[in-house]
Amino acid sequence: MHVILAQPRGFCAGVVRAIEIVERALQKYGPPVYVRHEIVHNRHVVESLKAKGAVFVENLTEVPPHAITIFSAHGVAQAIEEEATGRELPVIDATCPLVTKVHKQAIRYVGQGRTLVLIGHAGHPEVEGTMGRISGPVFLAQNEKDVDTLPIPTDASVAYVTQTTLSVDDTRSIIAALKARFSDIVGPETSDICYATQNRQTAVRELSKVADVILVVGAKNSSNSNRLREIGAEAGTPSYLIADGSELKPEWVQNARVVGITAGASAPEVLVEDVVAALRRLNSIEVSTLPGIEENIEFRLPAELRTPQKPVPAMAGSAS
Ligand code: SF4
C-alpha cells in the first residue's frame, strides 16, 4: 500500500502561536493558567496542555480572581473582554492575528455606516466572537439560501466578512449571491483570507487526484478539518475524519492501493504519525509526500511572552 501525505497539512501559524502562548505563560507565571474555550480544536493538544497545568473553562466566572486568563485562537466577543477587564483578570490574548484582522475589518465597515453580513457557521466560536465585536446588528449567511432571506433592503449599503476557516472556494457562491442581491456591497480582498485554510484545501484536492481513499486527521468539532473531508468526498474520493490511529477502520482501506492523509490546522503531526503507524499494522506501506506549497508564515507572540523564561538558577548551597 502506498501512503501519500498532503503538503501542507496540520498546524498553521495561528495554532502554533496559540499553543506557544499557553506553554510560555505556564513557564513564566507557573500553573495554573486559565484558558477560555479549547485553545485550538484538538483534544490531544488540550490534554497535553492540561497535563502541564492549563485549566480550560467555557465561562470567565470559572476563573478565580487575579488568575492568568488566555483567550483561545478563535477570538472573543467584546463583552467577554469587558467581563475580564471588569474582573481585573490579567489577560493574554491568543486570538489568531488573521481573526483579529477580520474583527477590525468588520468594525471598519460598520463605522462606514454599512450593514454587516458575516459568512460563516452558526455557533462556531469564531463566528460568535466576530458577531460580538459589532454593537449593531450583524446578519449571518451560512449558504446561498440565507442570502435570499436576509432582512436587509436591497438598496442598503452592505459589507461582508467571512469566517477564516472558509476558503475563497467555500465562499464564492455566497458572495456571488450577495452581489446579485445588493448593488452597494463591499468585502475584503481575496488576499485577506486565511492562507492556511486555502493551502490545505488546495492540497487535499491534489491528494484526491491520486488517492483511492483519504484520511483527514482532525477533531470532530474542527471546522477546517470537516471541510477538508467534505472536499475530498466532493472530489469523488471516499474520505474519513479521524482523531488518531485508533479510529481507523480496516474496511476503509482494505481495497485501497493509495491512501492519502492530510490533517486539519489544529491537528499535530504526531497524530498523522499515529495514523501512519495504524496503517503499518494492517499492511506493508511505502510513505511519500506530495509536492505542495511550503509555508513559512510565523506570527509574533504577545510582547510579555516574547522572551522565553530562563530557568531560575539554583542558589549556592541550595538543595537540587
Ligand atoms: S486556520 Fe488561519 S485563521 Fe485559523 S488559526 Fe490558523 S492561521 Fe489563524
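Every number for a ligand or one of its atoms is a count from 1 in the order of the listing.
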- In ligand 1, which numbered atoms sit nearer than 4.0 Å to a non-hydrogen atom of C194? 1 (S), 2 (Fe), 3 (S), 7 (S)
- Query: In terms of atom number and element, which parts of ligand 1 are under 4.0 angstrom from non-hydrogen atoms of C12?
  - Reply: 1 (S), 5 (S), 6 (Fe), 7 (S)
- Query: Are K220 and E247 close enough for a salt bridge, meaning some N to O gap below 4.0 Å?
  - Reply: yes
- Message: Could you check whether Q7 and T289, counting side-chain N and O atoms only, form a donor-acceptor pair closer than 3.5 Å?
- Response: no
- Query: At a 4.0 Å threshold, what atoms of ligand 1 neighbour a non-hydrogen atom of T164?
  - Reply: 3 (S), 4 (Fe)
- Message: Counting only heavy atoms closer than 4.0 Å, does ligand 1 sit against the backbone of C96, its side chain, both, or neither?
- Response: side chain
- Item | Residues E20, R17: salt bridge by 4.0 Å N-O rule | no
- Are S208 and I214 close enough that some pair of their side-chain heavy atoms sits under 4.5 Å apart? yes
